[in-house]
There are 4 protein chains.
Amino acid sequence: MSNKETLPDWKRKLHEVIYEADTPAGKTFDVAILLVILISVALVMMESVSWMLAKYATEFYIAEWVITVIFTIEYILRIITINKPKRYIFSFFGIVDLLSTLPSYIGFLFGGANLLFAIRALRLLRVFRVLKITRYVGESQKLISALNNSKAKILVFLFAVLIICIIAGTLMHLVEGENGGFNNIPLSIYWCIVTLTTVGFGDIAPVTPVGRLIASLIMITGYGIIAVPTGIVSAEYSKATDAPKNTQACRNCNETKHLDNAEYCHRCGYELND
Amino acid sequence: MSNKETLPDWKRKLHEVIYEADTPAGKTFDVAILLVILISVALVMMESVSWMLAKYATEFYIAEWVITVIFTIEYILRIITINKPKRYIFSFFGIVDLLSTLPSYIGFLFGGANLLFAIRALRLLRVFRVLKITRYVGESQKLISALNNSKAKILVFLFAVLIICIIAGTLMHLVEGENGGFNNIPLSIYWCIVTLTTVGFGDIAPVTPVGRLIASLIMITGYGIIAVPTGIVSAEYSKATDAPKNTQACRNCNETKHLDNAEYCHRCGYELND
Amino acid sequence: MSNKETLPDWKRKLHEVIYEADTPAGKTFDVAILLVILISVALVMMESVSWMLAKYATEFYIAEWVITVIFTIEYILRIITINKPKRYIFSFFGIVDLLSTLPSYIGFLFGGANLLFAIRALRLLRVFRVLKITRYVGESQKLISALNNSKAKILVFLFAVLIICIIAGTLMHLVEGENGGFNNIPLSIYWCIVTLTTVGFGDIAPVTPVGRLIASLIMITGYGIIAVPTGIVSAEYSKATDAPKNTQACRNCNETKHLDNAEYCHRCGYELND
Amino acid sequence: MSNKETLPDWKRKLHEVIYEADTPAGKTFDVAILLVILISVALVMMESVSWMLAKYATEFYIAEWVITVIFTIEYILRIITINKPKRYIFSFFGIVDLLSTLPSYIGFLFGGANLLFAIRALRLLRVFRVLKITRYVGESQKLISALNNSKAKILVFLFAVLIICIIAGTLMHLVEGENGGFNNIPLSIYWCIVTLTTVGFGDIAPVTPVGRLIASLIMITGYGIIAVPTGIVSAEYSKATDAPKNTQACRNCNETKHLDNAEYCHRCGYELND
């Protein structure tokens, strides 16, 4: 890549190790960083278990700082080995990388920055980078493209679901009142979402006959319309898989995407050679 | 539109603002009304939370009347600016608009008309009007057409599900009795619907071995037949998307199924006329 | 139909009314019987509600006997107006009809035959007979044919699900023991079915970390494999809908099912006329 | 098979009975072994029910040893009647067969080897061997091939789901704390899996408004993305069923995609050679 030419030699080599996953060194680096991320996520999890925190407080403290230092070095290396650092800094992974080094420093200065620890889990998305060399990436892209094509439809669908939940939630609040725990409308809407998505915790449940009748209708609706997003993604995914079968190009006008049984170019009428 | 010609000029202009979403003024009006609807729905929700009602009772009272006045003015304007008011008054949105202005007046005269507040949420469907200018509407129409085509089949399916629920509900009442809360058949049927739709609240649950065996069969049935509506909508939606868009036929060899951008027949090379 | 010729005239007329749904009289009879079935099912439901039984005991008793007499007369009429009564008596609806008249008589002789009341609900399937004249029947048949084609696959799938449940159930019993209510293996298997089908009552739930880990795996498995029956029915249903597009028959050998773009019969080579 | 030629005559006959399911003797043997497996699984289940163990302790003890002896004899016979015993011993069923004879011996020597009893259920997979002769095997293979093709995509999907669960679980722990039972992050992740898969036990449930809002988002996400694996399997299965079966090309016009029963080319009428 031409933008690397202006970098000194050691930076170019480091860039290859850090940013690329095709060379052995690059792959080793990516796997190593992924391991550190996994360990850091596991540490955050274990720290949240009270008896573990009580028993291994010092070990957690040391491990936390070791990981923070590794992440900080990685972040600095990523900035200095790239030609246009801004593109990295303001990219999705650039922001995630910065935010995942911050909690320890903020905790050291002010104490308590727990919310930022959740951001570390986002770093796990790096795993898809390591998998890039495998066949998984083609599958991911097909999936993402199918989901992208379905986005508008699924949003329309979810918005319709939300309106159903608001109406049904208001109804349930009026019908059930404080009996089954439908104390106010937002709570009833929450219950509607729990029910319509067929989750059904059971912490709130209707107790009056009319409330149970409405609940039955909501459940059957949810059971019936779960078909809609499935149908959409299914159809889109079929299309994404079926799409480009015919690869012949016209010798006259270079048009591609001909029908499978085409004998003449549909754009210029020139005869096609199979 | 010809029916607007008989209206005086100011009515015609107002009609454009109120009923059309293509002009800037029309879009602004629609978005403004949508905001008022959103606020009114949010108010109804917040009023239902007891501590909020206790704290902001006066504010809610004032806001309620302001919104009612806005809705009333909008309703009157919609009637006088249209040439055939009856078509609006008895349309779906006409009835919804009327019912959503009434609760405050009824509450003022008789006190308590809570049920009508739920109707206000229906006004949120207006959001699809505002989205009309975007590409979302095409998606909605494909969805609605797929659902429309699936309607008969899904009704047949839901009716079969209901018969299963009645039979299984009666069985569960006989087997479980008052043990697990299966006090009577309607309640058992409610439980069957909760189970078959995989919601599973858990407020009622079988406790006898035979009851649990039947419950297992119901659950596996529900898990197996959830495939049916999904399969239907999926197939219908695929059809709606695949549907033959290009209907031109070659004048030379009568070949059809040309690509949308075809200018020459792919079979004989003859020029196509669009 | 030739088998009716041997019946006396009044029997033939009654046969038309009772067995056929195409004539106005036949349709009226079917709708009337369906109404009586609906009332009888509603009565069984209401009788199970204790306060209703206490209040309207006499009315239920009378209504029960009126319905039993109607069902008995219908059953006798169906037998005497048909040429080959055995075919009706041993058909699905023949057995259901007999069993739905019996509970009252058995209750009169021995007291208590509640299990048979559940059978009455099966009579509701008659509703599909009445719908026969509408377009719903075509849809039902497509559904039934898609389900029939999927039967073998869905059975293989359900059997695999059952083996997963047995293995996971045994594991959960060993891991959780009496902690979360996994008292014995059948109960644990019941819990596995509840979980794998995503119903999740919550009356039994794992409490140990290892149990929760296994439960997570079961849930993700259930979430992943729900796709299988859906995919099967979806594909079968698509096929059932797509199937017969080309209806031309060869003038030479009468072969049908030609490809859409076929110009010559694929069986005898004779030219096809479109 | 040539490798059986080197075995003595009685071994060859036994091999046919034990390893093959096509001959009547082989089928009888397979069904008999399957029955013993079913009984052994039923016994393990019943033994876990405390009142049954108390009542029939001796009977269970005897039956257990009878089954163990049968399994041991079967295992020895399988080894001595095969030419290359190692291939059987280290095959999936070889290991399962060994492990399912061990628990009784280990229990006799050391006491308690309950975990191995769960392995016995794996022997139930033999049922597919007995079904081999029926049409079910074709269906299984189509299913397995569709699942195999979907494997990579479903793994990518499940990994994405896991990352969502880790992030949402950490968030819920921070937001809810010990209120709703979100005591630590692993527990919150468990709850996220329970919720995202729409199981919803309800033993842990959010109680704060913010927690319920996040829970609603998780549920709607789960409801929306359940479409993804379904869409994948559905599309793969359609492909597996549609796959091009007929590969013959016309010698005259080179047209392909003939019907399976075509004898003449549907395009030029030339006779096809199979």
**Request:** Classify the ring geometry between C/W191 and D/F201 as parallel (under 30°), tilted (30 to 60°) or perpendicular (over 60°).
**Result:**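 Geometry flag for D/F201 against C/W191: parallel rings.
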
Region of [X] that comes under 4.5 Å of a non-hydrogen atom in chain D:
X: C/L196; result: neither
X: C/A215; result: side chain
X: C/P209; result: neither

| Does OH in D/Y56 sit with more than 12 non-hydrogen atoms of other residues, nucleotides or ligands closer than 6.0 Å? |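 No - once you tally the heavy atoms of other residues, nucleotides and ligands closer than 6.0 Å, there are 12 at most.
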
May I ask you to test the D/Y190-D/I204 pair for a side-chain heavy-atom distance under 4.5 Å?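 A side-chain contact under 4.5 Å exists here.
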
Quiz item: Are D/V207 and D/E176 close enough, and set up right, to give a side-chain contact (heavy atoms from CB on, under 4.5 Å), and what steps lead you there?
Solution: CA-CA 7 Å; D/V207 290; D/E176 283 280 325; 3.5 Å; yes

Need one label for D/L187: side chain, backbone, both or neither, based on atoms under 4.5 Å from any heavy atom in chain C.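 Looking at D/L187, just its side chain touches chain C.
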
